[in-house]
Amino acid sequence: MTQIQEQYKVPLLDVREIGRVKDVRRGIARIKGLQTCAYGQLVQFSAGMHGLVMGFDEKDVMATIFGDENGVSVGDEVLSYEAQASIPVGEGFLGRVISSLGDPLDGRGPVTVSGRSAIFREAPGIMEREPVMQQMPTGVKIIDLAIPVGRGQRELIIGDRQTGKTSICVDAIINQKNTGVVCIYCWIGGPQAALQRIINSLNERGAIEHTVIVAAAVGVSAAEQYLAPYSAAALGEYFMSRGRDVLVVFDDLTKHAWVYRQMSLLLERASGREAYPGDIFYLHSQLLERAGRMTSGHGGGSMTFLPVVETMQGDITGYIQTNLISITDGQIYISAPLFHEGFKPAIDLGLSVSRIGSRVQGPGIRRVSSGLRLEYSQYREMLRMTKLRTNLSEEALARLRRGEVLQELFKQSNFAPVSLEEQMVLFHLYQRNLLQGVSPQHMRRFIDNFFRFLTEYDMTVTTRIKETQDIAPETGEAVEKAFAVFFRDIRRNSQEAAA
Ligand code: ATP
Ligand code: MG
């Protein structure tokens, strides 16, 4: 045994059995001679690459190959050396790009590892969990105000191609800068170039230091793409067990389902609806159940999941989509028509929901967000019915104007998350009915600059809002005073420009 361990350079691991490759086909090796291995276990081929045990028949074991299958030939030895597949973990992974087996892909040398974590761990039981009570601010105003996400929640991001799904997740990661939250971004089955753009955006905004990127782009083996979200969850569990709050993005699970379907068909499993294997629901529920908030006895950390799923032509009744909707605690529905209309982020409030609800919001954000959802839906409805705007009553016009302001406030560009303090200030003014008078050409200028102006005008106000996470009556008055000054300055400037 020692000889073999030296030959294969696996000195720390306990080799249990040696089998032989019987045949290799489309990324799947049939192995004989492994008597005691289990489903979901890792094996190693003599060429050095790994395989994951995915199926059995009377005599043989079927394993999917990580990496290039051309490296594995018939007759090669296969080592079975560990009970369950695991991934190296540690603080050293922060800021790194890794494969689904934990190997660094960013060319920045080896990662300092502090242990290993099981890739397919069972979800924590009910006694280890605590209710989700604290908000995980995403920096996307419409989400934080109307569909708040809690720490430990699973919120699905669902929408057509190219409608801003990834952008919302990246905003949420950028927004965790300097908050102590660890982010894990898991890229499954997408193009390498798009991932590189995301990494660049995170880098430019200083958001890579608190993030780990688990990358399984479209070119890598099916086994790696299949494993990626589980590895990301295992890495998240390491940080969670140390009391940290973790945010994991799975971008996206449609591709994960495709890759699993492909593997199942190659393993000659019976296929069911839309040719997916029967256990596809189990596959995703087993993954998403791992999110949650732990009691203080179990580390007190939390893991929030933002799984992404793609729809075709806005159809949310597909097999994978309905499965995921039923497993998660709510969904953020992104609408292609809204996106093309220019309402970005194109979140459709009518079809979006957070089943955890406003109980996770702090007092200030809850107060300023009350009624927004209903008001916005009514505005959209009214807009549809009054397209021509003839013979509208004063009251209807006022309500339309208020809706327009709300719509402007909800818009924001990507990679520019907005803090909860800023959201409170803007929507406080909205709730006090002070924004209807602002002309449309001044609106954007106001939204983009007012919070900065307020901080410069009276720093104590913004600090107080940040510390208390609320706007007390006297703070509210100070905000309104600054608002008046801001517009006095704007008006003076535009008069000077005109003169
Ligand atoms: P895919 O289906 O390719 O995964 P996606 O739904 O993840 O796409 P994104 O890649 O996030 O969408 O965004 C698509 C395009 O829309 C990008 O060019 C992005 O810059 C732009 N975009 C997304 N959100 C916004 C926004 N809030 N404001 C302006 N542009 C945006
Ligand atoms: Mg995307």
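We count ligands from 1, going down the list as the structure has it; atoms in each ligand are counted the same way.
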[atom1] of [X]: more than 12 outside heavy atoms within 6.0 angstrom?
{"X": "Gln313", "atom1": "CD", "result": "no"}
{"X": "Glu122", "atom1": "CD", "result": "no"}
{"X": "Met382", "atom1": "CE", "result": "yes"}

Starting from [atom], what is the nearest protein heavy atom, named by residue and atom, and what distance separates them?
{"atom": "atom 5 (P) of ligand 1", "result": "Lys165 N, 3.5 Å"}
{"atom": "atom 27 (N) of ligand 1", "result": "Gln412 O, 2.9 Å"}
{"atom": "atom 29 (C) of ligand 1", "result": "Lys344 CD, 3.6 Å"}
{"atom": "atom 14 (C) of ligand 1", "result": "Gln162 OE1, 3.4 Å"}
{"atom": "atom 12 (O) of ligand 1", "result": "Gly164 N, 2.9 Å"}

Exercise check, heavy-atom protein proximity under 4.0 Å to atom 18 (O) of ligand 1: no

Numbering as shown, the atoms of ligand 1 that approach [X] to under 4.0 Å (heavy-atom distance):
{"X": "Thr166", "answer": "4 (O), 5 (P), 7 (O), 11 (O)"}
{"X": "Ser167", "answer": "9 (P), 11 (O), 13 (O), 23 (C), 24 (N)"}
{"X": "Arg161", "answer": "2 (O)"}

Polar proximity ligand 1 side, Phe339 side, N/O cut 3.5 Å exclusive: no

Sub-3.5 Å N/O-N/O distance, Asn414 and ligand 1: yes

Intermediate values then yes/no, salt bridge (charged side-chain N to carboxylate O under 4.0 Å, His left out), Arg355 and Asp329: CA-CA 5 Å; Arg355 284 179 208 131; Asp329 313 303; 5.8 Å; no

Pair Glu69 + Arg26, salt bridge at N-O below 4.0 Å: no

Check: Tyr430 main-chain N/O paired with Gln436 side-chain donor or acceptor under 3.5 Å: no

Partner of His284 by side chain to side chain contact (heavy atoms under 4.5 Å, CB included), out of Ile320, Asp279, Val309: Ile320

Cation-pi check, Lys411 onto Phe343 ring (under 6.0 Å, within 45° of axis): no

Under 2.8 Å: N/O/S of Thr166 next to the Mg ion (ligand 2): yes

4.5 Å side-chain heavy-atom contact, Phe66 and Leu42: yes

Sub-4.0 Å heavy-atom contact, Gly159 with ligand 1: no

